[in-house]
Amino acid sequence: MAARTDDQSVAQRVLEHIERGTTDVGAEVWREPVANYRSEQRLGLELARVFRRVPTPFCPSASLPQPGSYLAREAAGVPLVVVRGADGKVRAFRNACRHRGTQVANGAGCAKSFVCPYHAWTYELDGRLRHVPHEAGFPGLDKKTHGLVPVHAEESLGLIWVTQDTPAIEPDQLPVLLRPEQQLYAATEFEVAANWKILLEGFIEGYHIRFTHPESFFPYGFDNLNLIDLYGRSGRITYPFRRIKKLESVPHGERKVEGLLTYVYHVFPNVLIITLSRHTNVVILEPVSHDRTRQVTYTLTNDAGDEALAAAKHDQDFVGNTGLVEDRAVVASIQRGMQSGANEVFTFGHYESLIVHFHRSLNAVLSV
Ligand code: FES
Ligand SMILES: [Fe+2]
């Protein structure tokens with residue numbers, strides 16, 4: 001697919017679809033075995049071969065604003081802690097004390113060192129083991145080899161990325177996803193009784209907007225009108241708002257799409273960056289089991305300043321209270337419906353092409 005992702009091209013593509021009553025379509029119909037959503041063994045393969053080997057967003061850079069800022073969370077079932085060192089560099093570690101394994105960090109905060117809550121072995125922000133109380137009790141302990149166990153971490157495109165295991169999978173080439181002026185103002189998480197892929201699929205097609213969201217999103221959007229752009233295994237779906245039609249009267253070179261559409265970036269395998277009019281959500285789908293998913297969301301403003309913050313909160317209430325509740329109801333219904341045994345496969349059609357791309361990519365990485 002040609003990369004026509006700048007504002008003017010996006011506006012042009014959307015206006016052409018509106019005029020013709022068309023949408024971007026895929027070339028292929030995909031049939032995904034339902035068994036792949038219902039198997040703990042399959043989830044184990046996805047976590048080991050895909051999640052832990054692909055560079056994956058862990059949190060926005062804005063989560064670690066200063067030296068000592070840390071954030072502890074599970075990623076692909078593994079407790080990790082990321083921390084900004086005194087040198088400004090972000091590092092990630094397996095969140096387990098090298099004495100008897102207690103997690104050394106909880107939640108988020110700012111620290112000068114990590115002190116294990118059990119017996120107070122103390123680690124520097126760069127992972128080195130600094131202090132062992134009553135060290136004489138451990139004759140021969142080599143402190144140099146008992147630092148926190150590092151995990152590969154990088155900071156780019158406004159996010160902190162971790163790659164837990166090798167051989168690592170090549171990262172996708174993506175545009176800047178978060179800008180430095182965007183302020184992080186909320187972090188939430190909840191669990192949904194569904195496989196992580198069912199949740200993901202609901203974010204990356206616009207075929208359902210009219211029917212699932214008749215009073216929330218549809219009055220502002222279109223029925224089945226989306227752009228699809230691919231970035232390696234990742235992709236972006238564009239949900240234009242009806243008010244984008246006003247660009248018809250704006251000269252081509254002066255068209256700006258901000259505030260006139262929603263971009264949903266799917267960062268393969270399990271992260272979504274959703275840019276709404278006034279705020280941006282970074283959504284991480286963390287599998288808990290084959291039929292449970294923890295949805296972690298970091299919410300940022302789209303600009304600096306108090307006004308941008310107030311606008312973001314206002315906008316967020318609208319999206320949170322209506323559309324996302326409707327999506328969750330569908331997702332839970334699909335998971336329960338799988339018990340019916342009615343479907344051997346789920347069929348994804350030409351209007352669900354980013355989902356098709358996702359399953360094709362997932363299969364490819366699983367087989368490496
Ligand atoms: S388990 Fe951490 S100090 Fe003992
Ligand atoms: Fe939806």
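Read the numbers this way: they start at 1 and go in the same order the structure lists the ligands and their atoms. Values reported hereafter were calculated over all heavy atoms of this structure, with side chains retained and with hydrogens, waters and symmetry mates removed. We count residues from 1, following the sequence as given.
- When non-hydrogen atoms are compared, ligand 1 lies under 4.0 Å from neither the backbone nor the side chain of Pro117.
- Side-chain contact between Met338 and Phe346 is present, with at least one heavy-atom pair separated by less than 4.5 Å.
- When ring centroids are compared, Phe358 and Trp196 come within the 6.0 Å threshold.
- With a 6.0 Å cutoff to the six-membered ring centre and a 45° limit on the axis angle, Arg73 counts as a cation-pi contact of Phe58.
- With ligand atoms numbered from 1 in the order given, ligand 1 contributes 3 (S) to contacts under 4.0 Å with heavy atoms of Ala120.
- Crowding of Arg278 atom CZ: a count of heavy atoms from other residues, nucleotides or ligands under 6.0 Å not exceeding 12.
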Report task. Verify side chain to side chain contact (heavy atoms under 4.5 Å, CB included) between Phe93 and Val151, making sure each step is shown before the conclusion. Result -> CA-CA 5 Å; Phe93 304 99; Val151 166; over 6 Å; no
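- With a cut-off of 2.8 Å, atom 4 (Fe) of ligand 1 has no N, O or S atom of Cys116 in range.
- Taking every non-hydrogen atom of Cys97 and a distance limit under 4.0 Å, the qualifying atoms of ligand 1 come out as 1 (S), 2 (Fe), 3 (S).
- Taking a cut-off of under 4.0 Å to the non-hydrogen atoms of Arg100, the atoms of ligand 1 that pass are 1 (S).
- With a cut-off of 2.8 Å, atom 4 (Fe) of ligand 1 has an N, O or S atom of His119 in range.
- Few gaps surround CD on Glu155; more than 12 heavy atoms of other groups in view lie less than 6.0 Å from it.
- Residue Asp327 counts as close to the Fe ion (ligand 2), with an N, O or S atom under 2.8 Å.
- Nearest to atom 4 (Fe) of ligand 1, among the N, O or S atoms that His99 has, is ND1.
- Taking the centre and axis of the six-membered ring of Phe190, the NZ or CZ atom of Arg328 falls inside the cone set by 45° and 6.0 Å.
- Those atoms of ligand 1 with a heavy atom of Trp121 less than 4.0 angstrom away are 3 (S).
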